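Remarks on the structure that follows.
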Amino acid sequence: MEYDKKVEIFPTTTWSAGAGCHGGCGQNLYVKDGKLIKVEGDENASWNQGRACPRVLALKQYVYHPDRITTPLKRIGNRGEGKFEPISWNEAFDICESKLKDIRDKYGAESVIFAQGTGRDVGGPISYLAYNYGSPNWCQLGLSGQSCYTPRLGAMKTTMGDFAVLDASQFSAQRYDDPEWEVPKVIIVWGQNPPPTCPDGFFGHWVVDCMKRGSKIISIDPRNTWTSTRAEYHLQIRPGTDGAMALGMLNVIINEELYDKEFVEKWVYGFDKLKQRVQQYPLEKVSEITWVPEKLIRGAARLYATNSPAAIQWGVAIDMNPQATSVAQAITHLWTITGNIDIPGGNVIARPSHGVTTYPYSTEELVGLYGQELVDKLNKLRIGCDTYPMVKGFRGWAQPDMAIEQIDTGHPYPIKGAWIQTANILGGQAARARFHYDALKKLDFVAVVDLFHNPTTMALADIVLPAATFAEKDSFRSWWVPLGVMHKTIQVGECKSDWEINIEMANRLNPNCKYKTVKELINDRLSVAGFTFDELVKKGSQAMPPKGDPSRPYRRHEKGLLRPGGKPGFNTETGRVELYCKAYESWGLDTLPYFDEPPQSPVRTPELYKKYPLIMITGARSSLYFHSEHRMIPWLREKDPDPYVEIHPNTAKEFDVYDGEWIYLENDLGQVKRRVRISLRVHPKMIHTLHGWWMPEMTGKEPDLFGVWDYQINKIVPGPQHATSGFGGGQYKTTLVTLRKIIR
Ligand SMILES: Nc1nc2c(c(=O)[nH]1)N[C@H]1C(S)=C(S)[C@@H](COP(=O)(O)OP(=O)(O)OC[C@H]3O[C@@H](n4cnc5c(=O)[nH]c(N)nc54)[C@H](O)[C@@H]3O)O[C@H]1N2
Ligand SMILES: Nc1nc2c(c(=O)[nH]1)N[C@H]1C(S)=C(S)[C@@H](COP(=O)(O)OP(=O)(O)OC[C@H]3O[C@@H](n4cnc5c(=O)[nH]c(N)nc54)[C@H](O)[C@@H]3O)O[C@H]1N2
Ligand SMILES: [Mo]
């Protein structure tokens, strides 16, 4: 074929709308006459090495979808009537500015909540806007107990002073050929399903790449997944009992003396106290709690502890547990006592690439961007700070369960407005979705920044601002590695990037705002890395940290690269990894890991279990969809058109339901429609169903709201149950339900 000179190829980084994911992939965008004509995985990008997921392959259908919102919209008529009219950007900004200023003048800036969704390219822009406006109340509103990655991050930060991730050679541009890297001999895949999800700065197929190079798998998952069916050990755990499992494995490793004595001696604090605690978790008891045979737990613990290097790759199921920070702590103790920290092929310490902050995850990063004075001042009014020391001490978010209660009651101070950006609160994010709907309806002003209408825009928005996909924006990403930039290759309608929108708003709301343009902000943030935006674009959009950079492994604790002042050790109070957690001690939390039953379970609520005898897991991800997104994309919807529920054949027989039949899932909160998929993926006592379902093809007007109250599973997922940390506990994986036939 003749080379078409008019086609330009732009390598860029995925993060945010389009694929929708946590990002990191290098993709080549083919553009002709200003239009995207094709997308292909970038083989030069060491992250994904040329690979692309179904959502990336369908990008053209997303970018040019006829339902895409391409101008700012103003609601006319009542909320829920579904009537909006296009307005200019200037008018839209004017309205947002005057409404937000009114609320700030009357009630204070804290009376506006800034609500984001998962970790895409939004945490940076939305926190920038909230802080410039003067509101401390920024969070994933509706994500009960902030139960996505935050509990794991909090537990790692407090026990080891840093974050860690499985080392699949991602920190080296040479990848698997880097002589410094080693293949993990064993990988525990724990409450995660990496191939379709690629979450939290981790590309899912790295696990597959390691398996091809010899890694053996231990899978801890109640379902049969691609990885569990290829595992040496599959521990088919009862949902919500991971804390007991981790303590049981620690018990085996400590009592059989399989731990790394030298590492423990030199770098660990509180080993004896942990040793005492794990005596409360003999395998007999752990097996009874978790429904996993003793022999398998013992075998898995031995396999992990006697092979070095070994690594753990964990997922969101850990967080969706009231004791999430404790469960995560116990799991970090596994990699600590086996000496698998920051060694090639272990769990390596991960810091934002080149020290660049895009999305301030921790209080330290917030202070770095906005200064101690402002952070301290805003903390005085931040929702949840006084109740939960961990919320105050680790992450700059409002506590979301308390926030929605406060929106509902107006106490201790009223919340009057919401800026919702990259979050479909009613269509996917919020547990007890109807309560969120009722409470949010009370707000005086709601602006939503999104790309499509959805139940949230329809029910709540006064103004909708059209956002750009990753192909249409300049931005940057430093979630571990590499340092990446997205750069604008096309323009669709009048859509703007989240950064553009928020910088414009920030300048209107704060005359002393630091940056006037997106480029100014990006170049300033990139300056610590020694790059400009344009230089990174020229390099192919991504750069790896050089050897010796503190954002790159290995064995940094020995070299004094982790602590301020260059002292050897870990970035904790004691300089050691704290099995006995000093920070928890000062916050009045249990300093050692423990197990407690999930809020609803056969053991904790036997009466409820009689009425609702199935443990419902929701939201194991599909590679076709990102949460509530992509249901309108033809290539993706065609592959999986209906919201299904996976049911074991014996269970189907017991309930007299058939493959393909529409049924109700039901509990005290109501009922939701599902299509039966009989499957050996699930345990007979459990069912699994996807979350985030609404029907873009139905009417968006009230009361339908695109069918959200018929199909959105979070209508029947109950609310907060987090324990003392304020993190964890959305019951997304442990709700009790029953099945009911629609036609008898
Ligand atoms: N039942 C159940 N519920 C769950 C979960 C579960 O496992 N089970 N998981 C929970 C978890 S872990 C999370 S993190 C939340 C996620 O919840 P959300 O992050 O709210 O999920 P999304 O549906 O991806 O929604 C976000 C909205 O943002 C828009 N959007 C996408 N990209 C961009 C962008 O770049 N800019 C802007 N302005 N808008 C964009 C999309 O069109 C969509 O309407 O859901 C939670 N909900
Ligand atoms: N394609 C796609 N990718 C995504 C997303 C998406 O919506 N679509 N969402 C993104 C977001 S925000 C997140 S948080 C991540 C999540 O990504 P992952 O962490 O990989 O989460 P899941 O896909 O829910 O997989 C979790 C696994 O845990 C199992 N599980 C359920 N309950 C329990 C339990 O109690 N204990 C244990 N041990 N296992 C359990 C489930 O069966 C499932 O196989 O994915 C991100 N990536
Ligand atoms: Mo998430």
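Just the heavy atoms: all of them, side chains too, but no hydrogens, waters or symmetry mates, feed the values below. All of these numbers come straight from a predicted model, not from anything done at the bench. Both ligands and their constituent atoms are indexed starting at 1 by order of listing.
The residues Asp121 and Lys473 are annotated as salt-bridged, a charged nitrogen and a carboxylate oxygen being separated by less than 4.0 angstrom. Between Glu646 and Arg223 a salt bridge is recorded (basic side-chain N to carboxylate O distance below 4.0 Å).
Remark: aromatic rings of His648 and His683 are distant, center separation not under 6.0 Å.
Against a heavy-atom cut-off of under 4.0 Å, Ala467 is close to the following atoms of ligand 1: 36 (N), 37 (C), 38 (N). Atoms of ligand 1 found under 4.0 Å from any heavy atom of Asn454, numbered from 1 in the order shown, are 44 (O). Shown in contact with Ile713 at under 4.0 Å from a heavy atom are these atoms of ligand 1, numbered in order with element: 1 (N). Near Asp498, the atoms of ligand 1 lying under 4.0 angstrom from a non-hydrogen atom of the residue are 34 (C), 35 (O), 36 (N), 37 (C), 38 (N).
Taking the six-membered ring where tryptophan is involved, the planes of Phe202 and Trp206 are perpendicular, since the angle between them exceeds 60° and thus also 30°.
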Residues Met616, Val717; criterion side chain to side chain contact (heavy atoms under 4.5 Å, CB included); working and verdict: CA-CA 9 Å; Met616 178 173 72; Val717 170; 4.3 Å; yes
Working for side chain to side chain contact (heavy atoms under 4.5 Å, CB included), residues Thr150 and Asp319: CA-CA 8 Å; Thr150 296; Asp319 303 318; over 6 Å; no
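Within the structure, the closest approach of Asn714 to ligand 1 falls below 4.0 Å when heavy atoms are considered.
Every protein residue with a heavy atom nearer than 4.0 Å to ligand 2 is included here: His22, Arg55, Thr118, Cys148, Trp190, Gly191, Gln192, Asn193, Pro196, Thr197, Pro199, Ile220, Asp221, Pro222, Arg223, Thr225, Ile237, Pro239, Gly240, Asp242, Gly315, Val316, Ala317, Ile617, Gly619, Ala620, Arg621, Ser622, Ser623, Tyr625, Phe626, His627, Lys733.
Under the salt bridge (charged side-chain N to carboxylate O under 4.0 Å, His left out) criterion, Glu504 pairs with Arg508, not counting sequence neighbours.
With respect to His22, the ring pair (Phe, Tyr, Trp, His ring centres under 6.0 Å) criterion is satisfied by exactly one of Tyr359, Trp480, Trp479: Trp479.
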